[in-house]
Number of protein chains: 2
Amino acid sequence: MSSPHTPADTTTEASSLRMATFRLARRLRSQRAVDTMSDGQFAVLAALNVHGAHTLGELADRERVTAPSMNRTVNCLEESGYLTRTPDETDRRKVNIALTDEGRAVVAETVRRRDSWLEQALAELSPQQRDLLRQAADLMREVAAR
Amino acid sequence: MSSPHTPADTTTEASSLRMATFRLARRLRSQRAVDTMSDGQFAVLAALNVHGAHTLGELADRERVTAPSMNRTVNCLEESGYLTRTPDETDRRKVNIALTDEGRAVVAETVRRRDSWLEQALAELSPQQRDLLRQAADLMREVAAR
DNA sequence: TATTGTTATACTCTATAACTATA
DNA sequence: TATAGTTATAGAGTATAACAATA
């Protein structure tokens, strides 16, 4: 047992990493209040930017949302001119979704803006600490892919 | 420039950590699909559990939501019997919000359930890798507190 | 008949504005 | 008059169910 007002045993390895992850994620999310795009919208543009064109179903699976939800998000991004829908040549039920040049530009700008706060925070750490976080990021991706 | 379908320079230190953090946070969040409580509701119970009683405004500030939003969340948790509202003795405009025994129990149970997936994932890593993540969690908390 | 995408509709969470009670 | 909390109402995002088009 610890002090009177901290009765929870939040000291396990997993709890510590879970709480740290949620806290940093929340902090990063609050930092992007400057731009108007939602997390979900940006995640779609980022996925298209990194992995190339997707069908609607592929995007929905990747982002773990339903097809109607993804459809709404894609509609919004299409209206904004950030992506295009093109019927698939070989299977005309499918729709290929791809970034426009403007979409690519908005990804680059959003990444730049979102990362600037984190870059400043990392700059205050030692080279050893930054290297540790770099390795940790790889492990976190590995764990998340499980 | 890199390969044709990966035009973004998402390879900076900050981008890598940001993406890994969001990805792991999303994975952890999806893993708690078994319980009915939302992230926001659980965060309130966890804050009360760790830091003791709060007023409504303090909870809203801590969770970075508006007072009406927090009010709704607190209403829901009060109906479920997880917390109590008590008018403040010295300033009767304020309301002190505190966990019930049932609230404390549900925090402990939820933490246990949410962490079990992560514990299994961590068990597949080497002791060195787990130690690295332990240190990284401390650094992430430090960065988030900035 | 199965699959892909879309539309219709409802629910949850959050926000702003307006209101009540107390300082 | 200012502050803490609450209520009223609206907007964003997500879900399930139903539908259309194609394989």
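Every chain is numbered from 1, with letters handed out A, B, ... down the list of sequences. In this text, all values refer to a predicted model and were calculated from it rather than measured experimentally.
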Quick one: stems involving DNA chain C, counted as three or more successive Watson-Crick or G-U pairs, both distances short of 3.5 Å.
C:1-23 with D:1-23

Counting side-chain heavy atoms from CB outward, which of C:dT22, C:dT4, C:dC13 is closest to B:Ser38?
C:dC13

Rounded to whole Å, CD of A:Glu79 lies from P of C:dT6 at a distance of 13 Å

Pair A:Leu118-B:Glu13, side-chain contact (heavy atoms from CB on, under 4.5 Å): steps then yes or no:
CA-CA 9 Å; A:Leu118 184 54; B:Glu13 193 176 358; over 6 Å; no

In whole angstrom, give the distance that lies between atom CZ of B:Arg93 and atom P of D:dA4.
6 Å

Whole-Å distance separating the CG atom of A:Asp91 from the P atom of C:dT4:
8 Å

It should be established whether B:Arg85 places a side-chain nitrogen or oxygen under 4.0 Å from OP1 or OP2 of nucleotide D:dT6.
yes

Distance in angstrom units between B:Leu56 CG and D:dT6 C1', rounded:
9 Å

For A:Arg114 and B:Ser15, does a side-chain donor sit closer than 3.5 Å to a side-chain acceptor?
no

Please pick, from D:dG5, D:dG13, D:dT22, the nucleotide with the shortest atom-to-atom distance to any side-chain atom of A:Gln41.
D:dG13

Give a yes-or-no answer on whether the side chains of B:Asn75 and B:Glu79 include a donor-acceptor pair shorter than 3.5 Å.
no

Rounded to whole Å, how long is the line connecting atom CD of B:Glu78 with atom C1' of D:dT6?
12 Å

Verify side-chain contact (heavy atoms from CB on, under 4.5 Å) between A:Cys76 and A:Gln41, making sure each step is shown before the conclusion.
CA-CA 8 Å; A:Cys76 183; A:Gln41 290 176 1; 3.2 Å; yes

Side-chain ion pair, A:Glu58 and A:Arg62, N-O less than 4.0 Å:
no

At less than 3.5 Å, do the side-chain atoms of B:Arg92 and the base atoms of C:dT22 form a donor-acceptor pair?
no

Can you find a heavy atom in the side chain of A:Val143 that is under 4.5 Å from one in the side chain of B:Leu125?
yes

Distance in angstrom units between A:Leu59 CG and C:dT6 C1', rounded:
15 Å

Closest heavy-atom pair and its distance - A:Ala136, B:Ala136
CB-CB, 3.4 Å

Please determine whether side-chain contact (heavy atoms from CB on, under 4.5 Å) holds for the pair A:Arg72 and A:Ser69, giving the CA-CA distance in whole Å, both sets of side-chain angles, and the decisive distance to 0.1 Å.
CA-CA 5 Å; A:Arg72 171 179 285 213; A:Ser69 291; 5.9 Å; no

Nearest-angstrom distance from the residue atom CG of B:Asp39 to C1' of D:dT14:
14 Å

Would you kindly give the CD1-to-C1' distance between A:Ile97 and C:dG5, to the nearest whole Å?
9 Å

Do A:Thr84 and A:Glu78 have side-chain heavy atoms sitting under 4.5 Å apart?
no

Could you identify which residues of residues 60-75 of chain A place a heavy atom less than 4.0 Å from some atom of DNA chain D, listed by residue number, or say none?
A:Val65, A:Thr66, A:Pro68, A:Ser69, A:Arg72, A:Thr73

